[in-house]
Amino acid sequence: MSENPVPARRTAGVLPLGLLLTGVTALLAVLVHADAGHPPFQALDERWLGWMGGPHAGVPAAAATFLDWFGGPLGVVVPLGFLVFLLVRRRWWSVCCLLVTYVGASALVVQGLKHLVDRPRPDNPLVRVDHGSFPSGHAAGAAMLVVLAGALLVPAARRRVWWCAGTLFTLAMMWSRTWLHAHWLSDTVAGAAAGAGAALLLWRAFMPVLAREERGSAAGEGLPRAEPSPAVRSPAEPSPAARG
């Protein structure tokens, strides 16, 4: 019997979901790579981009600008703060999981697909963009951050609320990239799937050592200090009979 069956049940879907999202990313990448200028869903992408036509002002503009900044400069600060927190807590396996995920998912998967697929971006983006439209690095980073925070920081009993909030945050990031004409809709879908899928698979790979780390941390912080029982007398203390 498992030592901790409830968390095991709650994480049973991590591997299948990670494989599913990775498969979605791979399928979209193959379709776009075959004809980067006109993939099968180009008409849908253009229709969605038309709906994102504007006016680009007011609250939507402020929200999209903040999310663009969050995925840029702040997108580096937040993971660094996350890393410092884990280092201070001496959670070495969590640190390894964080670093491997960011290097593997962001540097290798996302940037590798950008150069492999080489899809042109929409015309006239409203923010500065780099090379390659597919997949969206902002959407990938948002989804990856949600999964990592849920895996390494959020208690298992509260993850359902976190996943719901994180999904809304990722959807908002996807919307902002298309509203700013920085990406096609399918780019953001692939980005979110790539970031979440890679993070889920690596979380599953690290899960045994993360569980041991969590149990060790709980044992070190949660156990009360042992005190001598009042019924146990010091060897030098005479018994009541001897005193009487």
| Step by step, would you call Leu87 with Leu83 a side-chain contact (heavy atoms from CB on, under 4.5 Å)? | CA-CA 6 Å; Leu87 288 171; Leu83 177 63; 4.1 Å; yes
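- Side-chain contact between Leu126 and His56 is present, with at least one heavy-atom pair separated by less than 4.5 Å.
- Residues Ser133 and Ala182 share a closest heavy-atom pair of OG-O, 4.2 Å.
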| query | What do the steps show when you test Trp69 against Thr65 for side-chain contact (heavy atoms from CB on, under 4.5 Å), and what is the final call? | reply | CA-CA 6 Å; Trp69 181 68; Thr65 301; 5.7 Å; no
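- Taking the six-membered ring where the residue is Trp, His131 and His115 present tilted rings, their angle falling between 30° and 60°.
- Looking at every heavy atom in both residues, Leu202 comes nearest to Cys97 through O-SG, 4.4 Å.
- No side-chain N or O of Thr178 forms a donor-acceptor pair with one of Trp184 less than 3.5 Å apart.
- Separation of atoms CG (Leu180) and CG (Asn124) is listed at 13.0 Å; rounding is to 0.5 Å.
- Side-chain contact check for Ser136 versus Met174: every heavy-atom pair is 4.5 Å or farther apart.
- Formation of a donor-acceptor pair under 3.5 Å by the Arg91 side chain with backbone atoms of Leu152 is found in this model.
- Note on Leu27: it does not cluster hydrophobically with Leu116, by side-chain heavy-atom contacts below 4.5 Å among ILVMFWY residues.
- In this structure, the separation between CG on Leu113 and CG on Leu108 is 10.5 Å, given to the nearest 0.5 Å.
- Looking at heavy atoms from C-beta onward, Val24 lies in side-chain contact with Leu28 at the 4.5 angstrom threshold.
- Counted by atom type alone, Arg119 and Ser186 present one or more donor-acceptor pairs between their side chains at under 3.5 Å.
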| said: Go through it in stages, so that I can follow the logic: the residues are Phe169 and Phe70, the test is ring pair (Phe, Tyr, Trp, His ring centres under 6.0 Å), and I'd like the CA-CA distance, side-chain angles, deciding distance and then a yes or no. | reply: CA-CA 11 Å; Phe169 169 69; Phe70 186 94; 5.4 Å; yes
| message | Does Phe41 form a side-chain contact (heavy atoms from CB on, under 4.5 Å) with Leu185? I'd like the steps, not just the answer. | response | CA-CA 10 Å; Phe41 34 78; Leu185 176 63; over 6 Å; no
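- Of the options Val32, Leu31, Asp187, a side chain to side chain contact (heavy atoms under 4.5 Å, CB included) to Val117 is made by Val32 and by none of the others.
- Residue Ala192 comes nearest to Thr170 through the heavy atom pair CB-CG2, 3.9 Å, listed as atom of the first residue, atom of the second, then distance.
- Side-chain contact between Ser176 and Asp68 is absent, with no heavy atoms from C-beta onward closer than 4.5 Å.
- Side-chain N/O atoms of Asp118 and His33 include no donor and acceptor closer than 3.5 Å.
- You'll find the side chain of Tyr102 reaches within 4.5 Å of the side chain of Leu98, heavy atoms only.
- Considering only heavy atoms from C-beta on, Pro60 comes within 4.5 Å of Trp175 through its side chain.
- Pairing each heavy atom of His181 with each of Leu49, the nearest pair is CD2-CD1, 3.6 Å.
- Neither Val103 nor Val95 shares a network with the other; the hydrophobic side chains, linked directly or stepwise wherever heavy atoms of I, L, V, M, F, W or Y lie under 4.5 Å apart, form separate groups for each.
- A heavy-atom distance below 4.5 Å is not found between the side chains of Thr101 and Phe206.
- Summarising the geometry, atom CG belonging to Asp130 is positioned 5.0 Å from atom CZ belonging to Arg121; distances are rounded to the nearest 0.5 Å.
- Each of Leu20 and Leu15 belongs to its own hydrophobic cluster when Ile, Leu, Val, Met, Phe, Trp and Tyr are linked at side-chain heavy-atom distances under 4.5 angstrom.
- Nearest approach of Trp162 to Val146, heavy atoms of both residues: NE1-O, 2.9 Å.
- Of the inter-residue distances, the one linking Phe134 atom CZ with Asp45 atom CG reads 10.0 Å to the nearest 0.5 angstrom.
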| task | Evaluate the side-chain contact (heavy atoms from CB on, under 4.5 Å) criterion for residues Arg89 and Leu86: first the C-alpha distance (whole Å), next the side-chain angles of each, then the deciding distance (0.1 Å), finally the verdict. | result | CA-CA 5 Å; Arg89 299 295 298 272; Leu86 294 174; 5.7 Å; no
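- The CE atom of Met173 sits 13.5 Å away from the CG atom of Leu168 when rounded to the nearest 0.5 Å.
- Atoms CZ and NE2, from Arg177 and His138 in turn, are 4.0 Å apart once rounded to the nearest 0.5 Å.
- A continuous path of Ile, Leu, Val, Met, Phe, Trp and Tyr side chains, each step under 4.5 Å between heavy atoms, connects Phe85 with Val77, placing both in one hydrophobic cluster.
- Ring planes of Trp203 and Trp163: tilted class, angle from 30 to 60°.
- Linking ILVMFWY residues whenever their side-chain heavy atoms come closer than 4.5 Å, directly or via other members, leaves Val84 and Leu99 in distinct clusters.
- Of all heavy-atom pairs between Ala36 and Pro120, the closest is O-CD, 3.8 Å.
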